[in-house]
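Just so you know, ligand 1 is whichever comes first in the structure, and atom 1 is the first atom listed for that ligand.
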Amino acid sequence: MKKKWFLALALGGLMACQPQQAELQLIQLDTIQLDKTALKVEVLADSLNVPWDLDVDSEGFLWIAEQEGKVSRINLQTGEKKLLLQIEEVWKVRTSGLLGMVAHPDFHRNPFLYLNYTFKKDSLIRSKLVRYTFKDYSLRDPKVLMEIEGGTSHNGSRLAFGPDGKLYWATGDKHDFTYAQNPEKPNGKILRLNPDGSIPSDNPDPKSPVWALGFRNMQGLAFSSSGLLYTSEHGDAIEDEVNLIQKSGNYGWPAIEGKHDLQAELEFADQYKTLEPINSWTPVIAPAGMTFYGSDAIPDWKNTLLLTTLKGKSLRILFLSSDGLRIDSEEILFENLYGRLRDVAIGPDGAVYLSTSNQDWNPQPGFPLPGDDKILKISPAKTISSNPIIPVKASQVLALDGKQLYQNYCASCHKEDGKGVEGIFPSLVKSPLVQGEPRVLIEILLQGKSSATGAQAMPAFSFLDNREAAEILTYIRASWGNAASSISSTQIESTRE
Ligand code: HEC
């Protein structure tokens with residue numbers, strides 16, 4: 001990959017000067033083989049600084065919003081990129097900054113670009129929704145449509161237009177546990193506005209922009225071709241989510257995390273008629289930008305949600321049921337290859353555009369790569385390289401089982417056969433503690449165990465999520481001649497409290 005990159009740098013300068021041509025010549029990084037379609041991955045743009053939001057307008061131009069406040073536009077035919085705006089007042093720390101962008105769906109007649117960003121007003125962090133007008137190749141006449149409280153984190157945000165012509169805004173709870181369930185606060189909500197910023201008369205409350213509530217921090221907002229609205233949302237330590245949004249829906253945060261699987265959650269769900277996510281991930285993947293794929297250009301992906309992930313450093317292809325109400329299966333692409341991925345958009349010809357996020361506040365080992373951040377283009381390929389990337393089915397990798405987890409985390413001391421090392425690491429074979437009271441065993445795992453002799457101690461494993469901890473303990477209780485009952489995620493969760 002490195003070698004190809006130097007070529008990209010050498011040709012990058014030339015590309016911009018080339019006249020318009022039938023097919024844009026870009027530097028190719030990789031090829032992908034799907035069941036029906038061969039694809040190529042190319043670099044459309046590079047040297048960006050956290051391109052947080054991508055949007056393709058109805059004229060076929062790709063808009064890029066960088067977190068520090070820059071807005072650029074790329075001509076997808078020629079690859080020509082123009083910086084059109086730098087918003088000086090953008091306040092960017094960690095995950096705040098310029099975070100949301102969408103073009104009016106009829107951009108020719110209504111050349112409006114909607115932006116959301118955080119800024120400082122005296123000592124307060126605020127978040128505003130602003131409408132710019134694109135005229136004479138510049139963005140001008142900013143009109144503030146709405147202003148809400150902002151925070152150092154959990155600001156959301158994504159913007160999308162619905163088939164009803166309304167503007168939807170996914171806000172974060174600004175890390176305040178009292179906001180998401182409070183209908184008076186616009187934070188931790190899906191808001192619905194007219195394109196001029198006024199409140200639609202058919203909102204649940206015609207005086208309030210709130211359309212749905214109970215959210216933590218959404219970074220994905222997408223309409224399907226049949227008009228269903230989906231969000232992606234960051235969970236806390238567990239349970240990242242994709243939700244299907246309904247008018248007046250309550251999605252449970254902070255009383256409920258992900259699926260309704262704990263007793264307290266079931267009680268809250270019963271009382272407030274909350275809705276469950278259509279998918280959740282534990283361990284977390286940090287889901288970010290998401291879009292619906294409805295084009296025939298890549299038939300394998302028709303009727304999917306394409307979801308970028310940060311921690312997961314991958315693109316997730318979520319295959320929807322034909323009615324769009326369920327996610328039937330999931331595939332993983334590019335894991336660890338291009339680093340953190342922040343957003344995704346679809347071109348008029350069905351090409352997929354991804355933005356990397358390797359210059360952001362949370363760089364990963366091995367990243368940023370030269371030229372980061374980049375906009376990657378994925379489109380059908382005529383020829384395929386000898387070593388194409390093949391998507392992996394999530395069902396095959398998502399869940400490491402108890403044995404694999406034990407080997408990853410425990411075998412270095414207690415050894416693969418559980419026999420440990422005499423006098424240093426106790427044997428787990430026929431151990432009364434392993435086979436005894438679940439609560440005691442769970443506490444050893446989560447809190448570690450100091451040595452009676454002071455020689456060696458056992459580290460705490462509280463960072464494991466509930467499922468992983470349950471899998472490991474169930475495995476050691478049923479291996480090497482041990483024969484004790486299994487341990488559930490719920491038991492782990494209640495011991496944590
Ligand atoms: C760095 C080495 C190390 C690792 C890794 C480790 N342990 Fe331990 N473990 C110890 C030591 C040392 C003790 C004994 C502490 C003492 O003196 O009581 C212990 C004790 C235990 C005990 C109590 C056993 C008994 O009979 O006293 C259990 C159960 C246990 N470990 C499970 C695990 C599991 C499960 C994992 C993996 C998630 C794990 N350990 C990872 C070092 C380790």
Does some non-hydrogen atom of I424 fall short of 4.0 Å from ligand 1? yes

By atom name, which N, O or S atom belonging to H414 lies closest to atom 8 (Fe) of ligand 1? NE2

In ligand 1, which numbered atoms sit nearer than 4.0 Å to a non-hydrogen atom of L445? 35 (C), 38 (C)

Given that the side chain starts at C-beta and the backbone is N, CA, C, O, which of these parts of P432 lies under 4.0 Å from ligand 1, counting heavy atoms, or is it both or neither? neither

Hey, which atoms in ligand 1 end up nearer than 4.0 Å to a heavy atom of I472? 35 (C)

Checking the N or O distance criterion of under 3.5 Å, is ligand 1 in contact with K449? yes

R316/E330 salt bridge by N-O under 4.0 Å criterion: yes

My understanding is that only residues two or more places apart in sequence, or in another chain, count here; which of them pass ring pair (Phe, Tyr, Trp, His ring centres under 6.0 Å) with W169? none

If you draw the axis of the six-membered ring of F425, does the NZ or CZ of K415 fall within 45° of it and under 6.0 Å from the ring centre? no

Ligand-residue contact atoms, ligand 1 with C413, heavy atoms, under 4.0 Å: 1 (C), 2 (C), 3 (C), 4 (C), 5 (C), 43 (C)

Look at the aromatic rings of Y475 and W480 and report parallel, tilted or perpendicular, splitting at 30° and 60°. perpendicular

Distance under 4.0 Å to a non-hydrogen atom of F425: what atoms of ligand 1 satisfy this? 2 (C), 12 (C), 42 (C)

Would the Y179 and F177 ring centres measure less than 6.0 Å apart? no

Can you tell me if N243 and E241 form a side-chain donor-acceptor pair at under 3.5 Å? yes

From the options G418, S431, G402, select the one whose nearest heavy atom is closest to atom 26 (O) of ligand 1. S431

Just going by heavy-atom distances, which of L441, V421, L433 is nearest to atom 29 (C) of ligand 1? L441

V434: numbered ligand 1 atoms lying under 4.0 Å from its heavy atoms: 29 (C)

Assess the side chains of S96 and N155: does a donor N or O sit below 3.5 Å from an acceptor N or O? no

Evaluate R342 against D373 for salt bridge (charged side-chain N to carboxylate O under 4.0 Å, His left out), listing each step before the verdict. CA-CA 10 Å; R342 182 67 67 174; D373 281 313; over 6 Å; no

Quick test of your reading of the structure: of S412, A457, S427, P426, whose heavy atom lies closest to atom 13 (C) of ligand 1? P426

